[in-house]
Amino acid sequence: EYTEEISRISQGKLLKNLLKKVNQSKLFVDVNRIWNDKKDLIIESIKKYIDADTVKLRYYSLKNSEEILLEEIIMDTNSEIVYFLYESPKEKELKNVVSEILDYFVTDNEYGLDTYLSTRIRHGTLQGQLRSPFQKNNLITTRINDQSNQYVENTFINNIIEGDVKTLNRIFSDFSNEIDLLIEDVKTNWMQIKIKNKTPEGMFDYSEISHRMNKLYKVLENENNPKLIFDGVIQFLWDETELNLSRIRNKLRGELSESFIQKLTELQKSLYDANYDKTLINGKISQCKTDVQLSIDEVSSWFERVDASDDTKVNSIQILELCKIIRENISPDFHNIDFEICGHEELLMSSRELPFYVDIILILIDNALKHSQLDVKKLKLEINFKKEGESIVIYSMNNFNSTNSDEVLESAKNIEKTIEISKRQANSLVKKEGGSGYSKIYKIIRYDLQKQPDIIITVSEDKFCSRVVLEEVGRY
């Protein structure tokens, strides 16, 4: 028994450490593969910068026009001068280099920041984590359907508060909607890339970096090695990203936390104004205020960048256990699911690979939760993570509401179409939230893990099955 207890404690510490690694890897840009894949285009732009003249010239910006030299302005024009710059062609070419690399850095469908934001934050994880304190304290329910602002009746509240049930349901339905709207705003507006006035509320703001490049120019002024110039620009972009991350953490802990606490206080007032006995619910609301702070601290920790390493080997059993912990943190009622996992100790992954396998498994779990149309207590989910020959196979199977079998069959066909599109190119579907997430799985396997994906979907009776195969590329 003593040996088993020591083993259990050691396993708990390992999983806690792995969870920290996964949380700290949510923000990622694969700069090495950007360089390898886009090298020729990047070097072409960098050579223009290297060869450009260093003599400073006056550039004027005319309203509704690009920056042009003073001698090129037609003096009888009615164009309004907005501002002027005193800089060299070399400085202007550096801006072009930074602009090109920035585009790869944030928007590239294969390796850019926005792709990982979509997969690791916007695709369910953020919403689940921020919702969890309210669910844990039975203060919110889920929408009747995705298109409705009406929410499932809160039976827990109806059982502990006496009074008019209709009014009580309205109060808690409205409260659930208000919380979801706040979270939706964070997901769809805050967690976006802001460049050239696109997504103006996006907290990943790179719209003004051209005005902060003097320091970069001084660092690179005498450098002629294209790879070192690329590395310098990447470091500049990471420095800009760190400023964004600091602002995001502050806004989450400040504005969002205050908004949640305000909504909880307003809920107490609504119950008071409706003359309900708040004795039992006040404890839940007070506890929720504490849990909200903890949840926001957890989310804030996602926005602290740490470089991935290969210092730890993790087996597939540990990865599955880790995914279970992550899902239980996001959804307090996840423990009610009949969830069976099967992994293998000899199937080892590196710390660098770990977040990608976690992404795949969480998408499969999320897909079962969202599309089975079953109460969690009736949902049965099985995931097997194993080695078959030289291939890695992740097999998932879940039951679903058999009265909706036609809808599930149609969903399976749509998934197959999505996979076929993904085979042709890494496309904008990987940044789209909602849906089944299979385009994200395909992208992760092909581009992040550098393996050949083969995804097979089957539907039989009340079972939905996914067989995700990761083949070594060398076998093709």
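Both backbone and side-chain heavy atoms feed into the values below; hydrogens, waters and symmetry mates do not. For this chain, numbers begin at 1 and follow the sequence in order.
Looking at Lys187 and Glu184, a side-chain N of the basic residue comes within less than 4.0 Å of a carboxylate O on the acidic one, giving a salt bridge. For Arg212 and Glu240, the salt-bridge test passes: some basic side-chain N is under 4.0 Å from an acidic carboxylate O. Electrostatic pairing of Asp366 and Arg327 counts as a salt bridge here, judged by a charged N lying under 4.0 Å from a carboxylate O. Between Arg247 and Asp205 there is no salt bridge, since none of the side-chain N atoms of the basic residue sits less than 4.0 Å from a carboxylate O of the acidic one. A salt bridge links Lys38 with Asp108: the closest approach of a Lys/Arg side-chain nitrogen to an acidic carboxylate oxygen falls below 4.0 angstrom. Salt-bridge annotation for Lys215 and Asp239: absent, with no side-chain N of the basic residue lying under 4.0 Å from a carboxylate O of the acidic one. With respect to Lys263 and Glu266, a salt bridge is recorded, a charged nitrogen being found less than 4.0 Å from a carboxylate O.
Residues Phe204 and Trp190 keep their aromatic ring centres 6.0 Å or farther apart. A centroid separation of 6.0 Å or more is found between the aromatic rings of Tyr111 and Phe28. Taking the six-membered ring for Trp, Phe260 and Phe134 have ring centres closer than 6.0 Å.
For Lys251, the NZ atom is densely surrounded, since the number of other residues' heavy atoms within 6.0 Å is greater than 12. The number of heavy-atom neighbours closer than 6.0 Å to NZ of Lys136, taken from other residues, nucleotides and ligands shown, is 12 or below. For Lys47, the NZ atom is loosely surrounded, since the number of other residues' heavy atoms within 6.0 Å does not exceed 12.
Here the options are Ile248, Leu245, Leu252, Asn23, the test is side-chain contact (heavy atoms from CB on, under 4.5 Å), and the partner is Trp302; only Asn23 passes. The only option from Ile144, Asp180, Asp174, Asn177 that meets the side-chain contact (heavy atoms from CB on, under 4.5 Å) definition with Asn149 turns out to be Asn177.
Put simply, the side chain of Gln235 never gets that close to the backbone of Gly232: no donor and acceptor are under 3.5 Å apart. In this structure a side-chain-to-backbone donor-acceptor pair under 3.5 Å is missing from Ser396 to Ile383. With hydrogens and angles disregarded, no donor-acceptor distance shorter than 3.5 Å links the side chain of Ser246 to the backbone of Glu242. Side-chain atoms of Lys443 come within 3.5 Å of backbone atoms of Glu110 as a donor-acceptor pair (strictly under, hydrogens ignored).
Note: Ser301 OG to Lys26 NZ = 8.5 Å, rounded to the nearest 0.5 Å. Of the inter-residue distances, the one linking Phe385 atom CZ with Ile394 atom CD1 reads 4.5 Å to the nearest 0.5 angstrom. Rounding to the nearest 0.5 Å places CH2 of Trp238 at 6.5 Å from CG of Leu113. For the atom pair CZ (Phe156) and CZ (Phe172), the distance works out to 9.5 Å, reported to the nearest 0.5 Å. Distance CG/Leu94 to CD/Glu221: 10.5 Å, rounded to 0.5 Å.
Heavy atoms only, all atoms of each residue included: Gln129 and Ile330 are closest at N-CG2, 3.8 Å. The shortest non-hydrogen separation linking Ser210 to Lys95 is O-CE, 3.7 Å. The shortest non-hydrogen separation linking Ser372 to Asn398 is CB-ND2, 4.0 Å.
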Please assess Arg249 against Asp297 for the test salt bridge (Lys or Arg N to Asp or Glu O under 4.0 Å), listing each intermediate value before the final yes or no.
CA-CA 9 Å; Arg249 292 193 299 268; Asp297 282 344; over 6 Å; no
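In this structure Gln287 satisfies the side-chain contact (heavy atoms from CB on, under 4.5 Å) test together with Asn137, Thr290, Asp291, sequence neighbours excluded. Looking at residues two or more places apart in sequence or on another chain, you find a side chain to side chain donor-acceptor pair (under 3.5 Å) between Asp231 and Lys227.
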Would you be so kind as to tabulate the donor-acceptor pairs closer than 3.5 Å made by side chains of residues 357-364, with sequence neighbours excluded?
unit_1: Asp359; atom_1: OD2; unit_2: Arg120; atom_2: NE; d: 2.8
unit_1: Asp359; atom_1: OD2; unit_2: Arg120; atom_2: NH2; d: 3.3

